[in-house]
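Structure first, commentary second.
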There are 2 protein chains.
Amino acid sequence: MVVLQDSPTDHELDRLFRSLACATRRDIVRRVMAGEDASVSSLAERYDMSFAAVQKHVAVLAEAGLVSKHHHGRERRVRGNPEQLAKARALLARLEQLWTERFAQLDAVLADPPPPQA
Amino acid sequence: MVVLQDSPTDHELDRLFRSLACATRRDIVRRVMAGEDASVSSLAERYDMSFAAVQKHVAVLAEAGLVSKHHHGRERRVRGNPEQLAKARALLARLEQLWTERFAQLDAVLADPPPPQA
DNA sequence: TTATCGTACAACCAAATGGTTGTGCTTCAG
DNA sequence: CTGAAGCACAACCATTTGGTTGTACGATAA
């Protein structure tokens, strides 16, 4: 069953796309979506930047709802949730659909031309 | 026929998602994808900001390849091209796919458990 | 021809971004 | 108990961003 979800707010979409506009963050998302064991420090080991920098990236992703952090002993496990990805993808799909609908409307007009009321 | 397209560079994706991380720009994309007559100034009339600001937004979208500008008399018509939207959408789809594949792999493991080689 | 429209571009500004280092607090290992 | 691992957070910095105003220039309508 497809759930009717209320459309995301502008601000939510801003944070979503903004958080994806960075290769490091996209790579983090890729890792956690693939199910890699992902504490913050295990993620930080893989990038050429400080631990704090990676920590900030994870915070940005969490703020955007793309990942969530969970206590696990003294670690924080980073888990991806694909629902936010789907929201972004749905918006892109709608924009693409606007494009395709143009031709559908054009075809309709050509098939049933209104009388030139000039 | 589906064309094998080389994967976009990190920088290209940065610009793509960055350009979408702004409600004004998303709205511009929506308008031009819907086929609205869109000179830069006719777009600028619709937003509560200066002409130069809208002009910059269009430039950012053009830089990301989401729209292109074309001479038309003394105007510059803004036209959307959905291919870049598709690139962004493809990335999101791949990330979501990673998530779903996790369960497929898990199912495979459960269905055919390897001998505990410890 | 001349005034004006549509655009481009530079300079400037406040705020956000992406990075750093340092400090301190928990939680675990020895 | 003590030391270290893992993390959070603040302060700081350079650069980018999103906005402004002002100036200039080609195309056009009168």
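Just so we're on the same page: letters track the sequence lines, and every chain starts at 1.
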Between [atom2] on [N] and [atom1] on [X], what's the gap in Å once rounded to a whole number?
{"X": "L61(A)", "N": "dT17(C)", "atom1": "CG", "atom2": "P", "result": "13 Å"}
{"X": "R15(A)", "N": "dA16(C)", "atom1": "CZ", "atom2": "P", "result": "14 Å"}
{"X": "L43(A)", "N": "dA8(D)", "atom1": "CG", "atom2": "C1'", "result": "16 Å"}
{"X": "H57(B)", "N": "dT20(D)", "atom1": "NE2", "atom2": "P", "result": "8 Å"}
{"X": "R77(A)", "N": "dA5(D)", "atom1": "CZ", "atom2": "P", "result": "18 Å"}
{"X": "E75(A)", "N": "dT27(C)", "atom1": "CD", "atom2": "P", "result": "13 Å"}
{"X": "K69(A)", "N": "dA8(D)", "atom1": "NZ", "atom2": "P", "result": "4 Å"}
{"X": "D14(A)", "N": "dT17(D)", "atom1": "CG", "atom2": "P", "result": "15 Å"}

Please check the phosphate of [N] (OP1 and OP2 only) for any side-chain N or O of [X] closer than 4.0 Å.
{"X": "H71(B)", "N": "dT7(C)", "result": "no"}
{"X": "R76(A)", "N": "dA8(D)", "result": "yes"}
{"X": "S50(A)", "N": "dT20(C)", "result": "yes"}
{"X": "S41(B)", "N": "dT7(C)", "result": "yes"}
{"X": "S39(B)", "N": "dG6(C)", "result": "no"}
{"X": "K56(A)", "N": "dA8(D)", "result": "no"}
{"X": "Q55(B)", "N": "dT7(C)", "result": "no"}

E63(B) side chain to R15(B) backbone, donor-acceptor under 3.5 Å: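 Not a single qualifying donor-acceptor pair exists.
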Main-chain N/O of L20(A) paired with R26(A) side-chain donor or acceptor, under 3.5 Å: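 Judged by distance alone, yes, a pair lies under 3.5 Å.
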First of V40(A) and R18(A) reached from the 5' end of DNA chain D, by closest nucleotide: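 Of the two residues, V40(A) wins.
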Base dC5(C) paired with R74(B) side chain (donor-acceptor, <3.5 Å):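 In this structure, the two groups form a donor-acceptor pair.
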What's the spacing between [X] [atom1] and [Y] [atom2] if we round to 0.5 Å?
{"X": "L98(B)", "Y": "E36(A)", "atom1": "CG", "atom2": "CD", "answer": "10.5 Å"}
{"X": "L91(B)", "Y": "E96(B)", "atom1": "CG", "atom2": "CD", "answer": "10.0 Å"}
{"X": "L66(A)", "Y": "K87(A)", "atom1": "CG", "atom2": "NZ", "answer": "10.5 Å"}

Which residue lies more 5' along DNA chain C, comparing C22(A) with G73(A) via nearest heavy atoms: C22(A)
Sugar-phosphate, base or nothing in reach of A52(B), heavy atoms under 4.0 Å: base
